[in-house]
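Report on the following structure.
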2 protein chains.
Amino acid sequence: MASLDRSLIAGLSVFEGIAVADLDRIVGQARSIRIARGQSVFEQEQEARSFFLLLDGHVRVVKSTPAGHEVTVRYIGPGELMGIAGALGRTTYPANALAAADCVVLAWPSHLWPTFATSFPSLSANTYRMVGSRLQDAHTRVIEMSTEQVEQRVANALLKLVKQSGKKIEEGILIDFPISRQDIAEMTGTTLHTVSRLLSAWEDQGLVKSGRQRVVVVEPHRLVVVAEARGSKS
Amino acid sequence: MASLDRSLIAGLSVFEGIAVADLDRIVGQARSIRIARGQSVFEQEQEARSFFLLLDGHVRVVKSTPAGHEVTVRYIGPGELMGIAGALGRTTYPANALAAADCVVLAWPSHLWPTFATSFPSLSANTYRMVGSRLQDAHTRVIEMSTEQVEQRVANALLKLVKQSGKKIEEGILIDFPISRQDIAEMTGTTLHTVSRLLSAWEDQGLVKSGRQRVVVVEPHRLVVVAEARGSKS
DNA sequence: GATGGAACTTGCGTTGGATCAAACAGGCGC
DNA sequence: GCGCCTGTTTGATCCAACGCAAGTTCCATC
């Protein structure tokens, strides 16, 4: 571990409340890995030998169904943990993790988790807080799928991506990694055709600009309006 | 706590690997509560003062959207924990919990959790294993909503309920608590009309028998076939 | 045993999106 | 610079499921 890594890492929310000396002990046991775009970090059903912290890049977590469908469960951004199957009593990974862009990750052997959890209560608390918020997210997804139309779901997905990985550029806010219509479709439970039509329509209205594997949200506020529309019925 | 409670409780998977003496210390700090059918155990956004273990009955966990829709997140059966917001770093409950039948629960003050977690590592491990499997379930729900048709989703929901709370009777397997078409619709993201139509069709085919707030699955195997049909495309 | 309300059934018209199909870029290797 | 592959656009058609509406059955209560 280069020492400049450490200063970056200390600010991450996973390590909030952890003493600097402890942080060294934790990070010292990780190895740092580079993963090229398109490569997988870990794979569904594989034995969960390691857990990971994403330092740089973006990872797409995908589940495959027996019938051959692929559903994107979530995107992981810098500073987030992934592959923590061990902390949840699983021995295999529940999904595939694919690098959506070139990535740098820290990897720890899974067997270290129990020790970490008892030695560093803050780490444990922070991790389970994150798990809790993922559970929340998943439930929110279920609710969106149950109650919203495709248009709202796609708008919400874009807004979520913007919030998580938006980068301000002159035209608006760019989603800072390559993302295709197909990817968005897999996040929202629709088809690339419908996503394409929606993006085209929004482009005509000046809400977004998009091209090949690239989406820029020009007017987030108006997109929020789209995301909230119609859902009212009660 | 009556002593016969303790023998029942010792067998629950949450308490697996916990010494009898410890179990007494844990259960000794709980109070036991009866909740009548239709009453709520806890409510969305309420401050999470307690966490609960369901001893008897069934609880329906429901989320309400701002737009006034209700989505059933899951059914809790005997032996399961609920309201463990505290263990996941939340201060409020994320959903409403309604007694689907008369219930008996144990309740602990939330502030005991951190102590429990450090004093009884097995309890902590068991709890987070359960959280992990709920996260899994939620992701499975998302995938079902994305890739399956209403018919498969309803079939799967019934099979899940049968597995969780099925009671063998002469006609087949009864779902052992009152459940309406509306409830099933809220679990599967559809309308009571569609659920009613499906159940009627299945009844004609001899797969199920159903009536007012009551569903009996007569031929689980054939329902499995329905649940798996069509999804094949790839 | 009459009354009222909740749960359920069923028919019909409508429609949001999926599916099918075909053509059109943009980037990369040679 | 040319072709190829992958990602994207756009049109046409179809159908599963929703929304609406009317009617029925069951249960609780007085």
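The figures here come from the full heavy-atom set of this structure, side chains too, leaving out hydrogens, waters and symmetry mates.
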Looking at T194(B), does any N or O in its side chain come under 4.0 Å of the phosphate oxygens OP1/OP2 on dA16(D)?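 Checking dA16(D) against T194(B), no side-chain N or O comes under 4.0 Å of OP1 or OP2.
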
Is the phosphate of dC8(C) approached by S196(B) (side-chain N or O, under 4.0 Å from OP1 or OP2)?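 Answer no for this pair, as no side-chain N or O of S196(B) is under 4.0 Å from OP1 or OP2.
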
Testing the 3.5 Å rule here: is there a donor-acceptor pair between the side chains of S180(A) and D183(A)?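 Yes, side-chain donor-acceptor contact under 3.5 Å.
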
Side chain to side chain contact (heavy atoms under 4.5 Å, CB included) partner of V105(A), chosen from D56(A), I76(A), L54(A):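 Going through the options one by one, the only one that passes is L54(A).
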
Residue that, paired with S146(B), satisfies side chain to side chain contact (heavy atoms under 4.5 Å, CB included) out of H69(A), K63(A), E70(A), M145(A):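 Result for side chain to side chain contact (heavy atoms under 4.5 Å, CB included) with S146(B): M145(A).
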
List for me each residue that meets ring pair (Phe, Tyr, Trp, His ring centres under 6.0 Å) alongside F177(A), sequence neighbours excluded, and say none if there are none.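 Ring pair (Phe, Tyr, Trp, His ring centres under 6.0 Å) list for F177(A), sorted by chain: H58(A), Y75(A).
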
For [X] and [N], give me the distance from atom [atom1] to atom [atom2], rounded to whole Å.
X       : N       : atom1 : atom2 : value
L198(B) : dA16(D) : CG    : P     : 12 Å
K209(B) : dC8(C)  : NZ    : P     : 18 Å
D204(A) : dT10(D) : CG    : C1'   : 12 Å
E203(A) : dA25(C) : CD    : P     : 15 Å
W202(A) : dT8(D)  : CH2   : C1'   : 16 Å
R197(B) : dG11(C) : CZ    : C1'   : 8 Å
Q149(A) : dA18(C) : CD    : P     : 11 Å
R214(B) : dC26(D) : CZ    : C1'   : 14 Å

How far apart are the closest heavy atoms of L106(A) and A30(A), and which atoms are they?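 Heavy atoms of L106(A) and A30(A) come nearest at CB-CB, 4.1 Å.
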
Give a yes or no on whether a donor-acceptor pair under 3.5 Å exists between the nucleobase atoms of dT10(C), that is its base, and the side chain of H193(B).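 Checked by distance alone, the answer is yes.
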
Can you label the angle between the Y93(B) ring and the F52(B) ring as parallel, tilted or perpendicular, going by 30° and 60°?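 Ring orientation of Y93(B) relative to F52(B): tilted.
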
Give, ordered by number, those residues of residues 170-192 of chain B having at least one heavy-atom distance below 4.0 Å to an atom of DNA chain C; if nothing qualifies, reply none.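 Within this stretch, S180(B), R181(B) sit under 4.0 Å of the strand.
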
